[in-house]
Visitor: 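Okay, here's the structure, questions in a sec.
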Amino acid sequence: MLETYGVGNAPSRDQALLSAIARSAAPPREVVIVNCSQCHGGSVRQTTYSTGAALARAGVLSGFDMTPEAALTKLYCLLASGLPPAAVRARMQQDLAGEMTPDPASATVS
């Protein structure tokens with residue numbers, strides 16, 4: 001879990017930090033890393049600024065509007081279910097129990 005500034009910004013000029021995150025998120029480790037805002041309202045939008053985009057390129061998932069507590073609980077439940085990392089990553093991006101507002105960009109039309 002990362003708790004970042006505003007809409008998901010973190011120090012993007014710290015190459016050591018970004019490299020460590022990228023190594024952790026990549027195979028063979030495939031650590032699931034979720035970006036949540038420290039703000040009490042709003043949503044993480046990692047594509048809004050270059051600092052958030054750097055985290056996304058390193059393999060960090062957006063926590064959207066989940067609180068850090070909700071995201072951590074969701075992550076614990078998904079990891080405990082025995083799912084492979086790719087499935088955990090996919091489900092972290094979906095609203096499973098009302099813990100997040102679905103992302104309109106990922107909505108499908110039926």
Visitor: Contact between Met92 and Met66 at the side-chain level, heavy atoms closer than 4.5 Å - yes or no?
Guide: yes

Visitor: For residues 66-88, which residue pairs pass the salt bridge (Lys or Arg N to Asp or Glu O under 4.0 Å) check, not counting sequence neighbours?
Guide: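 Passing the test, one end in residues 66-88: Lys74-Glu99.
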
Visitor: Same hydrophobic cluster for Tyr5 and Leu17, using side-chain heavy-atom links shorter than 4.5 Å among ILVMFWY?
Guide: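 No, separate clusters.
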
Visitor: Are Leu78 and Leu2 linked, directly or through intermediate hydrophobic residues, by side-chain heavy-atom contacts shorter than 4.5 Å (ILVMFWY only)?
Guide: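 Each belongs to a different hydrophobic cluster.
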
Visitor: Should Leu61 and Ile33 count as side-chain neighbours, where that means a heavy-atom distance under 4.5 Å?
Guide: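 They are not in contact (no side-chain heavy atoms under 4.5 Å apart), so the answer is no.
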
Visitor: Please check if the side chain of Ser37 supplies one atom and the backbone of Val44 the other of a donor-acceptor pair under 3.5 Å.
Guide: no

Visitor: With sequence neighbours left out, write down each residue that passes side-chain hydrogen bond (donor to acceptor under 3.5 Å, both in side chains) with Thr4, or none if nothing qualifies.
Guide: Asn35

Visitor: At what distance, to the nearest 0.5 angstrom, does CG of Leu75 lie from CZ of Arg91?
Guide: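 These two atoms lie 13.5 Å from each other.
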
Visitor: Looking at every heavy atom in both Leu83 and Ala87, which two are closest together, and how far apart are they?
Guide: CB-CB, 4.0 Å

Visitor: Following the transitive rule for hydrophobic clusters with a side-chain heavy-atom cut-off under 4.5 Å over Ile, Leu, Val, Met, Phe, Trp and Tyr, establish whether Leu72 and Met100 coincide in one cluster.
Guide: yes

Visitor: Following the transitive rule for hydrophobic clusters with a side-chain heavy-atom cut-off under 4.5 Å over Ile, Leu, Val, Met, Phe, Trp and Tyr, establish whether Met1 and Val31 coincide in one cluster.
Guide: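 No; Val31 is not reachable from Met1 via cluster members.
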
Visitor: Throw together a table of side-chain donor-acceptor distances under 3.5 angstrom for residues 48-59, partners on residues two or more places apart or in other chains.
Guide:
from, atom 1, to, atom 2, distance (Å)
Thr48, OG1, Arg45, O, 3.2
Thr51, OG1, Asn9, OD1, 2.4

Visitor: Report yes or no: does Glu3 contribute a side-chain atom to a donor-acceptor pair with the main-chain N or O of Cys36 at less than 3.5 Å?
Guide: no

Visitor: Examine Val34 and Val88 and state if one hydrophobic cluster contains both, with Ile, Leu, Val, Met, Phe, Trp and Tyr joined whenever side-chain heavy atoms are less than 4.5 Å apart.
Guide: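 Hydrophobic grouping puts Val34 with Val88.
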
